[in-house]
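Everything below concerns the one structure shown next.
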Amino acid sequence: MIINLLSKTIGYIRIKRLISLSMAPHSCKGCLRDVIASKMSKKSSSASDTPMEENGVEDVPHNPSMPWFGMDIGGSLCKLVYFEPNEAAGGESASELETIRNIRRYLTKNSAYGKTGHRDTHLQMENVKIRGMLGTLHFIRFPTSEMKKFLTLARHKGMAKLVSTVSATGGGAYKFENDFKREVNLRLAKFDEFDSLLTGIHFIDRHNPTECYYWSDPTDDNKCTKVRYDLSSPYPFLIVNIGSGVSILAVYSATNYKRISGTSLGGGTFLGLCCLLTGCNSFEEAIGLAAEGDNRNVDKLVRDIYGGDYERFGLPGDLVASSFGQMNSKERRNRVSKQDLARATLVTITNNIGSIARMCALQERIGRVVFIGNFLRVNPIAMKLLAYAMEYWSNGTMKALFLEHEGYFGAVGCLLQFHEELKS
Ligand SMILES: Nc1ncnc2c1ncn2[C@@H]1O[C@H](COP(=O)(O)OP(=O)(O)OP(=O)(O)O)[C@@H](O)[C@H]1O
Ligand SMILES: CC(C)(CO)[C@@H](O)C(=O)NCCC(=O)O
């Protein structure tokens, strides 16, 4: 308690001092921002048990210079969240303002960047308040394999002239740290990926009333609909983050969570196997093929073994008994289509994740399971499978929930943590 109070007071005094120093001429602004960011970054990593609202920095009217970004650099995709203020922040020189305007124009007037960068305009959030400023959150993604091109673009757009520090999370915040420094003279303020994920989830759910939903009647295509779910009192809940790999977190409060499990059979596995088996070259193509296919031409079902249901242990005939279990037969292999193989890959990976999630939920005695991550992007087949599997195998005691901003929570969370912003 006393230590907490002391660190709050010391933190406050330090930041106050830094602010008075930041009245210094523009030439010093970059290095001051570095110091502030490094203080904030150290603070956040050592105070993971302290809610942001309580750490004292909230009261200090310090706004880092524009533009504000949060980056989540994952194993497959890099997610970039950009905050576009409704009004200019002020304090910038004429040349800085010009560069800020150019970056803003480039990011907000386009929805595609080069061949592989995309802005998810349907996810855009308007009139969001961050650190007292109203603005729009933009959601951009590109393959992490294109990082070199991104750094070149960032240099050409004059990023290095404006901000000396960008907040980043995900494994790439560590892996690419030196590249950012060397190529664009940008320092990364690094935040833990799961701290960021949770911060992002809490923030976005509070700002978007239609963020959380579940699928009703997931097995009936005619009746199946998305139904809004109120996540305002969510604890405890499980997060199943399906990225390249899968991490499962049990969340007990805003600041108390643990990573309870994971599996390497995730979204990266689905895409990798699908490319190998069908010759497809993108996630969108893989999902498109899966939508047209039938996994029953690939998998061995309970009915292929029992001739019907295995009643004694409640195993219905149409349950998959053995994923890819038909593919030992040359004759079957000759008949199977790319679409069937894509569908079977999707069903195999999804059911395995659902099964692990269910066991974790059972072990932790948690009923609400929130599935997120970009594996669920444009992927209603997987979401409905998860919804059905969770409900069916738990006899209705567990619920699969989904969030609209799927893979962007880490990026939002680290943007907010950098600005020490949790209050709206
Ligand atoms: N356009 C896309 N390109 C590549 N993968 C995509 C795309 N859209 C969706 N995906 C799926 O999303 C997965 C990556 O999800 P996400 O961005 O949440 O994880 P990540 O942060 O890259 O991975 P990790 O957290 O394991 O480091 C891919 O493995 C793939 O299954
Ligand atoms: C390595 C991370 C945490 C990177 O986000 C993720 O890809 C993951 O949780 N993979 C699964 C690792 C496991 O087997 O538990």
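We number each residue from 1, following the sequence as shown.
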Is it the case that K399 places NZ or CZ above or below the six-membered ring of Y229, under 6.0 angstrom from the centre and within 45 degrees of the axis?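 Output no; distance or angle outside limits.
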Is the NZ or CZ atom of K226 positioned over Y214's six-membered ring, under 6.0 angstrom from the centre and within 45° of the axis?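 Relative to the ring axis of Y214, which defines the angle, K226 lies outside at least one limit.
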Backbone N or O of [Y] within a donor-acceptor pair of the [X] side chain at under 3.5 Å?
X    : Y    : value
R368 : L401 : no
T278 : C275 : no
T169 : E193 : yes
D294 : R296 : yes
S167 : A189 : no

In the structure I gave you, are the side-chain heavy atoms of [X] and [Y] within less than 4.5 Å of one another anywhere?
X    : Y    : value
Y174 : I73  : no
V302 : D318 : no
I204 : E404 : no
V240 : V370 : no
N379 : F283 : yes
M390 : V369 : yes

Would you check if there is a donor-acceptor pair between the side chains of [Y] and [X] at a distance under 3.5 Å?
X    : Y    : value
T121 : S111 : no
Y235 : N256 : no
D230 : S232 : yes
T210 : N208 : yes
Q417 : S196 : yes
R105 : N102 : yes
N127 : N86  : yes
D304 : Q326 : yes

Considering only NZ, NE, NH1 and NH2 on the basic side and carboxylate oxygens on the acidic side, decide whether R104 and E84 come within less than 4.0 Å.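 Salt bridge flag = yes for E84 with R104.
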Aromatic contact, [X] with [Y] (centres under 6.0 Å):
X    : Y    : result
F150 : F142 : yes
F375 : F270 : yes
Y408 : F139 : yes
F69  : Y82  : yes
F176 : F180 : no

Nearest heavy-atom pair of L346 and A290: which atoms, and what distance?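 Minimum heavy-atom separation between L346 and A290: CD2-CB, 3.9 Å.
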For L123 and H405, which heavy atoms make the closest approach, and how far apart are they?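 Here L123 and H405 meet closest at O-NE2, 2.8 Å.
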Parallel, tilted or perpendicular: rings of F371 and F402 (30°, 60°):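 The rings of F402 and F371 lie parallel, inter-plane angle below 30°.
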Calculate, to the nearest 0.5 Å, the distance between atoms CG and OG1 belonging to D299 and T348 respectively.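 Here the interatomic distance stands at 5.0 Å.
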For Y113, the option from E146, R119, K149 that meets side chain to side chain donor-acceptor pair (under 3.5 Å):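 One option only clears the test, and that one is R119.
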